[in-house]
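Notes follow once the structure below has been shown.
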Amino acid sequence: MKDTIVQTPIGNLEIKIRKGKLTRLSWTKKAKTELKIESKKINRQLIQYFKGDRKKIDFPITANGTPFQKKVWKAISSIKYGKTTTYGDIAKKISSSPRAVGQAAKRNPLLILIPCHRVVAKNSLGGFLGKCGVRKKERLLRIEKIN
DNA sequence: CGACTGCTTTGCA
DNA sequence: TGCAAAGCAGTCG
């Protein structure tokens with residue numbers, strides 16, 4: 001199966017689909033413009049999401065990670081559209097530490113499906129993709145009408 | 001500021 | 001393989 005790239009208003013998204021399931025969804029710097037999307041379905045959903053018309057991406061997904069990472073991702077997934085939480089809150093919920101939560105968030109292979117952009121630091125926006133992507137994070141939050 | 005945190009990754013044997 | 005050390009999208013004093 002081929003990897004594909006979808007253009008979104010805030011950057012290109014690299015998509016990997018394995019056996020009919022979405023395994024990875026991450027920002028890419030590649031300047032590839034052709035859209036050879038295998039599943040029109042996920043493409044359409046993403047477009048709608050970025051227009052603000054859709055609140056949930058509905059697609060079979062598989063995310064591989066350590067048991068701890070899965071716990072974190074699950075906790076993050078339960079954040080509702082338009083809401084934010086802090087790393088500390090997540091940590092508390094799964095009795096861990098904020099630092100560890102942040103690390104797990106970074107390793108998240110499904111960037112916006114697991115809404116890690118809704119997780120912010122206590123007294124600032126927090127990081128995103130090694131601090132170079134905070135702009136993206138901001139715009140994602142803007143789409144969801146936060147701030 | 002600095003100390004501390006929990007977990008992953010990296011390095012080196 | 002194994003274990004120690006470093007490193008994080010944080011937070012508290």
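All values derive from a computational prediction rather than experimental measurement. Letters A, B, ... are given to chains in the order of the sequence lines, protein chains preceding strands, and every chain is numbered from 1.
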For A:Tyr87, answer base if it contacts any base atom (sugar-phosphate contacts may also be present), sugar-phosphate if it contacts only those atoms, and nothing otherwise; contact means non-hydrogen atoms under 4.0 Å.
base
Counting the atoms with a prime plus P, OP1 and OP2 as sugar-phosphate, which does A:Ala121 contact under 4.0 Å by heavy atoms, base, sugar-phosphate, or nothing?
sugar-phosphate
Out of curiosity, [X] [atom1] to [Y] [atom2], how far, rounded to the nearest 0.5 Å?
{"X": "A:Ile143", "Y": "A:Lys145", "atom1": "CD1", "atom2": "NZ", "value": "9.0 Å"}
{"X": "A:Ile42", "Y": "A:Ile17", "atom1": "CD1", "atom2": "CD1", "value": "7.0 Å"}
{"X": "A:Glu14", "Y": "A:Ile5", "atom1": "CD", "atom2": "CD1", "value": "5.5 Å"}
{"X": "A:Lys16", "Y": "A:Leu22", "atom1": "NZ", "atom2": "CG", "value": "11.5 Å"}

More 5' along DNA chain B: A:Arg107 or A:Ser97, using each one's nearest nucleotide?
A:Ser97
Can you identify which nucleotide, out of C:dA9, C:dG10, B:dG6, has its nearest atom closest to the A:Cys116 side chain?
C:dA9
With the side chain defined as heavy atoms from C-beta on, A:Gln69 is closest, among C:dA9, C:dT11, B:dT8, to B:dT8
Could you tell me the separation between the [atom1] atom of [X] and the [atom2] atom of [N], rounded to a whole number of Å?
{"X": "A:Ile94", "N": "B:dT8", "atom1": "CD1", "atom2": "C1'", "answer": "14 Å"}
{"X": "A:Asp89", "N": "C:dA9", "atom1": "CG", "atom2": "C1'", "answer": "15 Å"}
{"X": "A:Gln103", "N": "B:dG6", "atom1": "CD", "atom2": "P", "answer": "14 Å"}
{"X": "A:Trp73", "N": "B:dT8", "atom1": "CH2", "atom2": "C1'", "answer": "12 Å"}
{"X": "A:Glu138", "N": "C:dA9", "atom1": "CD", "atom2": "P", "answer": "18 Å"}
{"X": "A:Asn108", "N": "C:dC8", "atom1": "CG", "atom2": "P", "answer": "18 Å"}
{"X": "A:Ile90", "N": "C:dA9", "atom1": "CD1", "atom2": "C1'", "answer": "12 Å"}
{"X": "A:Lys92", "N": "B:dG6", "atom1": "NZ", "atom2": "C1'", "answer": "17 Å"}

Side-chain N,O (A:Lys122) to OP1/OP2 (C:dC12) below 4.0 Å
yes
Between B:dT5 and A:Ser96, is there an OP1 or OP2 to side-chain N/O distance shorter than 4.0 Å?
no
Give none if C:dT11 has no partner; otherwise give the nucleotide forming a Watson-Crick or G-U wobble pair with it, both distances under 3.5 Å.
B:dA3
Could you tell me which non-hydrogen atom of A:Leu13 sits nearest to which non-hydrogen atom of A:Phe50, and how far apart they are?
CD2-CE1, 4.2 Å
Residue met sooner reading DNA chain C from 5', once A:Ala100 and A:Val120 are mapped to nucleotides
A:Ala100
